[in-house]
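Read the structure below first, then the notes.
Just so you know, these numbers use all the heavy atoms, side chains as well, and skip hydrogens, waters and symmetry mates. Here the structure is a predicted model, which is why all the values come from computation and not from measurement.
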Amino acid sequence: MNILVIGGGVVGVATAYYLSQKGINVTVLEAQERHGDFGATAGNAGLLSPSDAFAWASPSALKVAIKSLLKPQLGIQYKLHMDPTLWRWTASFLSQCRSSRWVKNSDSKFQLAQYSIDMLAELQLATQINFDASHQGIAYASRSQGSLEELSRHFNFLEDRGLKLELLDRGALHEKLPLLQANSQTYAGAVFSPNCKTGDSAKFSVELANWCVKKTECQFIWGATVEKICQKDNKISSIVTSKGEFKADAYVLAAGAHSGILATQLNIKLPICPIKGFSITAPLINTPIEPMPGFDDTDKLVALSIFGDRLRMSSSAVFDGFDTHFRQENFQEILNLAKEILPNAANYSAAKYWSGLRPMTPSSLPILGPSPIENLYLNVGHGNLGWTLACGTGKIVADIIAKKKPHVDMSPFLLKT
């Protein structure tokens, strides 16, 4: 059996790995060149975090959206457009904001995230690839005692479902993250998730792709932009790209934020909205440094990870279409926080700037499995947890193609037609 995967980011590469482990011949088409910018894979915060598995659509979401219109400097920015697609997505998002829907969506997202982290651990053990992983947990910090108590109540939802959590006071937080010692009064404390991890998803994707090419019947075609998806008798017959035409027995769509655009060629409407985020990556000044937990300033909505000798800081969720352009001011909040809490940790004048798109569904749940096209399978819509969910969703889609029952309840993740 021959499978063609459209998309060579972290989700596409993970899908290719699990398919190859079933003895399937896999070809991956990636629009970027080999060492290019793989969309959201390239610049995310690096958190592998079931602790972030809350659905975005919640009873408080409308209030946050209205506030973002009045205060555009917030981490979440909703920009009004006369785009009917965005309006339809927004209407669907608001329909998911009921408390009962938020509970169901968050529960499903958390269970999938937990499964995915287990799959990543098995994959790392099997392949021994290096992606600057740290197994030190993630700290979610608050700047006041009141917000810390509110944050702790918020996390009770996941703790009730099996996530191990610890409440850290100011002193315990700085023991976990010694880089914060320079400004010890900034945070009142944190909720700490000890079983979460961090890692560089771009490095993971490159290393896993190399492993697959060496160890399996898997090949990658870089710089292959999809130009046309050819269809016959409700099946894909071939994919025409800038690198030629490709045929397979079945196809997997895993193209991140651009999956919805590609699916329209097949008259499939995927409820995916591109949400722009920003990050900086700066070289650490004093290296090497001991592995450290990931960190999330829950008041400023900025997250950070240490990748070997690099600091990654990420923020913002901007509803602004497919535009990935940025201005220096887009990174000002990130830089302000970096210089506030980590003034001597990294060389910020040598920082690399990135913006990219997260593929978000109204429910915050990815869309997995069969599509209305007989030989097309979906692995799309991972939103803010693409890195966290990649191995789990890759394994699930590979199991479905191999006609094995997935290890999670699939009903929340199927395409609603």
Side-chain angles (χ1 to χ4, degrees), residues 43-47 49 51-52 64 67-68 70-77 134 136-152 154 167-193 196 198 276-287 289-318 326-355 384:
N44 62 53
L47 306 183
S49 49
S51 47
D52 283 316
V64 172
K67 186 183 295 185
S68 75
L70 301 174
K71 296 182 178 181
Q73 73 273 20
L74 289 178
I76 298 176
Q77 302 172 32
S134 171
Q136 306 300 310
I138 298 173
Y140 296 85
S142 291
R143 292 173 173 248
S144 70
Q145 190 62 38
S147 62
L148 179 61
E149 292 171 0
E150 182 179 349
L151 184 69
S152 180
H154 181 62
L167 187 61
L168 306 180
D169 62 16
R170 179 177 288 143
L173 171 62
H174 289 282
E175 287 181 12
K176 293 285 187 185
L177 284 106
L179 280 184
L180 300 179
Q181 291 284 9
N183 199 327
S184 61
Q185 301 303 308
T186 302
Y187 298 102
V191 174
F192 182 65
S193 178
C196 290
T198 62
K276 183 159 62 174
F278 304 99
S279 71
I280 64 169
T281 305
L284 294 171
I285 293 173
N286 298 311
T287 58
I289 191 169
E290 292 296 318
M292 284 180 54
F295 180 79
D296 190 332
D297 184 317
T298 60
D299 297 302
K300 298 289 187 178
L301 301 180
V302 176
L304 70 87
S305 298
I306 300 294
F307 301 152
D309 60 355
R310 292 156 291 139
L311 169 68
R312 168 72 54 78
M313 300 189 74
S314 177
S315 184
S316 295
V318 182
F326 57 80
R327 301 183 300 275
Q328 183 65 29
E329 64 192 60
N330 297 132
F331 300 92
Q332 199 56 53
E333 286 298 313
I334 302 175
L335 287 170
N336 288 346
L337 179 66
K339 293 173 181 178
E340 176 190 3
I341 66 172
L342 304 170
N344 303 310
N347 181 3
Y348 299 113
S349 64
K352 295 181 179 179
Y353 297 87
W354 172 93
S355 70
N384 65 313

Shortest non-hydrogen pair, R312 vs A45, comes out as CG-O, 3.9 Å
Rounded to the nearest 0.5 Å, the OG1 atom of T281 sits from the CG atom of L311 at a distance of 8.0 Å
Between the CG atom in D297 and the CG atom in L301, the distance rounded to the nearest 0.5 Å is 8.0 Å
Check: Can you say whether the rings of F326 and Y353 are parallel (under 30°), tilted (30 to 60°) or perpendicular (over 60°)?
Finding: tilted
Here the gap from W354 atom CH2 to N330 atom CG, rounded to the nearest 0.5 Å, amounts to 12.5 Å
For the residue pair Q136 and K176, establish whether any side-chain heavy-atom pair is separated by less than 4.5 Å. no
Shortest non-hydrogen pair, S144 vs A188, comes out as C-CB, 3.5 Å
Residues F278 and I334: closest non-hydrogen pair is O-CD1, 3.7 Å
Here the pair of heavy atoms bringing Y140 nearest to S49 is OH-CB, 3.6 Å
One should read off an interatomic distance between T198 OG1 and I138 CD1, to the nearest 0.5 angstrom, of 7.0 Å
Discussion item. Within the 3.5 Å criterion, strictly below it, is a donor on T298 or D296 matched to an acceptor on the partner's side chain?
Written reply: no
Quick one, Y348 and L342 - any side-chain contact, counting heavy atoms below 4.5 Å?
yes
In short, N347 meets I285 closest at the heavy-atom pair N-CG1, 3.7 Å
To the nearest 0.5 Å, atom OG of S314 lies from atom CG of L47 at 8.5 Å
**Prompt:** Does the side chain of I280 come within less than 4.5 Å of L335's, by heavy atoms?
**Reply:** yes
Keeping the roles fixed (side chain from S147, backbone from S142), state whether a donor-acceptor pair exists under 3.5 Å. no
query: Below 4.5 Å, heavy atoms only, C-beta onward: do K300 and S315 meet side chain to side chain?
result: no
- Hey, are D299 and Y187 close enough side-chain-wise for a donor-acceptor pair under 3.5 Å? no
What I'd like to find out is whether the side chain of I341 reaches to under 4.5 Å of the side chain of L304, using heavy atoms alone. yes
Between the CE atom in M313 and the CD atom in E333, the distance rounded to the nearest 0.5 Å is 11.0 Å
Nearest heavy-atom approach of A139 to L177 is CB-CD1, 3.9 Å
Are any side-chain N or O atoms of R143 and backbone N or O atoms of T186, one a donor and one an acceptor, separated by less than 3.5 Å?
no
